[in-house]
Amino acid sequence: SLLSRTPDAVPVALDVHGFTSTHLAILASTGSGKSYLAGVLLEELMMPHNRAAVLVVDPHGEYGTLQEMANHREFVDGAYKPSVRIFRPEDIKVRFDTLDIGDLRYLLSNMSDKQYYQLARAHRLAQKEYKNGYSTEQFMNCIRLSADAKPHDVAEDQDDMTTGGLVWRIQGLKNSRVFSDVENLELKEMFRPGQCTVLQLNEVPQREQQVIAAVILRRAYQARVNAVKKITVRGDPNHLGFPIFCLMEEAHNFAPANADAVSTEQLKIILSEGRKFGVSVGLISQ
């Protein structure tokens with residue numbers, strides 16, 4: 001109800017389809033109730049008459065209480081009741097071969113031009129040679145095969161400096177608990193009608209948070225493009241046959257004003273082109 005009038009005198013209604021078929025921003029200073037408002041909107045999206053497919057990117061682990069809605073009678077209708085699935089930091093996995101060259105360049109910062117050139121060559125080679133996916137070891141082999149150095153230039157058991165530096169950096173990604181050769185966050189687990197999925201990214205370094213967001217947004221957007229264009233059909237593991245809504249808490253961390261983050265470009269694509277493919281984004285920021 002409008003606050004400046006007596007209670008219930010002027011009811012205020014928001015068209016859920018209106019803001020989930022375009023985009024949404026909640027902008028306010030710290031402590032003004034941004035997350036509370038977002039929680040109210042999420043509850044409405046999970047109502048039986050909406051049954052939205054929602055993903056929440058939660059850098060601070062603030063949205064765990066959404067699980068309580070599944071036990072409230074007002075959300076239940078016959079066989080339907082909303083599902084809230086929470087992926088905690090230790091559950092969040094990104095398979096290495098889903099990283100594109102932009103993701104790798106962002107993770108392996110401060111590369112020389114020569115290193116980036118060789119990394120790009122290795123990435124193209126890996127995609128060509130391993131069409132069903134590749135491991136970090138196979139990718140490191142592609143780095144070695146992409147080296148400019150000839151066999152007689154270096155010892156048989158040694159890499160040249162550029163190759164050795166790249167291999168060392170890729171090996172460093174193995175220390176991350178996020179990137180894996182086999183485990184992955186599958187789209188069908190994250191997106192379902194009537195399900196609110198929360199990715200709790202607290203305890204995950206910010207640069208890795210940005211890569212996680214970029215990879216998931218890119219995969220989800222491409223899945224919706226393929227579904228709309230009928231490139232994929234029901235039964236395909238990457239088929240999303242329904243619109244989706246992604247809520248980004250602390251959005252300034254994923255599209256910072258004074259820095260180039262790998263997630264910024266993907267957000268730009270969705271904000272400019274996502275509407276026609278049923279991909280909407282909500283941004284919460286100070």
Side-chain angles (χ1 to χ4, degrees), residues 16-17 20-23 42 45-46 48 50-57 79-87 91-104 123-136 138-139 142 178-199 201 210-248 262-263 265-282:
V16 168
H17 183 266
T20 56
S21 64
T22 53
H23 302 292
L42 290 172
L45 288 169
M46 291 296 104
N50 287 321
R51 306 189 188 197
V54 179
L55 175 72
V56 180
V57 179
Y80 171 79
K81 77 173 186 176
S83 170
V84 178
R85 187 164 187 185
I86 296 180
F87 289 88
D91 304 322
I92 296 173
K93 304 295 179 184
V94 173
R95 203 173 63 226
F96 178 77
D97 59 7
T98 63
L99 300 173
D100 70 8
I101 187 62
D103 302 327
L104 289 169
H123 188 259
R124 288 194 296 270
L125 179 61
Q127 290 185 312
K128 178 181 177 182
E129 294 295 321
Y130 305 105
K131 297 189 183 300
N132 294 321
Y134 48 85
S135 66
T136 50
Q138 290 169 324
F139 188 78
C142 288
V178 170
F179 305 108
S180 168
D181 282 344
V182 292
E183 295 181 272
N184 202 27
L185 283 174
E186 300 298 339
L187 294 179
K188 62 182 180 180
E189 295 179 359
M190 290 185 287
F191 296 102
R192 291 177 186 173
Q195 176 174 301
C196 178
T197 300
V198 180
L199 298 184
L201 299 180
Q210 293 164 337
V211 172
I212 291 167
V215 171
I216 291 174
L217 289 173
R218 181 172 63 245
R219 290 174 58 211
Y221 174 73
Q222 190 59 52
R224 283 296 300 148
V225 171
N226 291 344
V228 171
K229 293 183 176 181
K230 298 186 177 357
I231 297 172
T232 59
V233 295
R234 183 177 296 182
D236 188 302
N238 290 316
H239 179 69
L240 288 181
F242 42 83
I244 61 174
F245 180 66
C246 302
L247 185 68
M248 312 284 294
V262 70
S263 44
E265 196 59 36
Q266 195 57 49
L267 279 169
K268 285 181 180 179
I269 292 171
I270 292 176
L271 289 168
S272 61
E273 303 175 16
R275 179 175 179 269
K276 57 189 172 186
F277 298 111
V279 183
S280 302
V281 169

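Model, not experiment: these values are computed from the prediction. Side-chain atoms are counted along with the backbone in the values below, which use heavy atoms only and exclude waters and symmetry mates.
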State which residues pass side chain to side chain donor-acceptor pair (under 3.5 Å) with N238; sequence neighbours excluded, sorted by chain then number.
none
Under 3.5 Å, which donor-acceptor pairs link side chains of residues 124-132 to any protein atom two or more places apart or in another chain?
none

Contact check, side chains of C196 and L45, non-hydrogen atoms, under 4.5 Å
no
Are side-chain heavy atoms of M46 and V84 found at a separation under 4.5 Å?
no
Distance-only, no hydrogens or angles: does the Q195 side chain make a donor-acceptor pair with backbone N or O of E189 under 3.5 Å?
yes
Partner residues of D97 under the side chain to side chain contact (heavy atoms under 4.5 Å, CB included) criterion, sequence neighbours left out
R95, Y134
Is the shortest side-chain heavy-atom distance between V211 and F179 below 4.5 Å?
yes
For L185 and L199, run side chain to side chain contact (heavy atoms under 4.5 Å, CB included): C-alpha distance rounded to whole Å, both residues' side-chain angles, the deciding distance at 0.1 Å, then the answer.
CA-CA 10 Å; L185 283 174; L199 298 184; 4.1 Å; yes
So E186 and R219, do their side chains get closer than 4.5 Å, heavy atoms only?
yes
Check for a donor-acceptor pair, side chain of R234 on one end and backbone N or O of H239 on the other, with a separation under 3.5 Å.
no
For E273, enumerate each residue passing the side chain to side chain donor-acceptor pair (under 3.5 Å) test, keeping only those at least two apart in sequence or located in another chain.
Y221
Kindly write out the residues that satisfy side chain to side chain contact (heavy atoms under 4.5 Å, CB included) with P193, not counting sequence neighbours, or none if the list is empty.
F242
Do the non-hydrogen side-chain atoms of L55 and F191 ever get within less than 4.5 Å of each other?
yes
Hey, is NZ on K93 packed in by over 12 heavy atoms from elsewhere, all under 6.0 Å?
yes
Donor-acceptor under 3.5 Å (R192 side chain, K188 main chain)
yes
State, with a plain yes or no, whether a side-chain heavy atom of H23 is found less than 4.5 Å away from one of I270.
yes
First locate atom CG of D100, then atom CZ of R218, and finally report the distance between them rounded to the nearest 0.5 Å.
3.5 Å
In chain order, what residues pass the side chain to side chain contact (heavy atoms under 4.5 Å, CB included) check against S135, with sequence neighbours excluded?
E137, Q138, D181
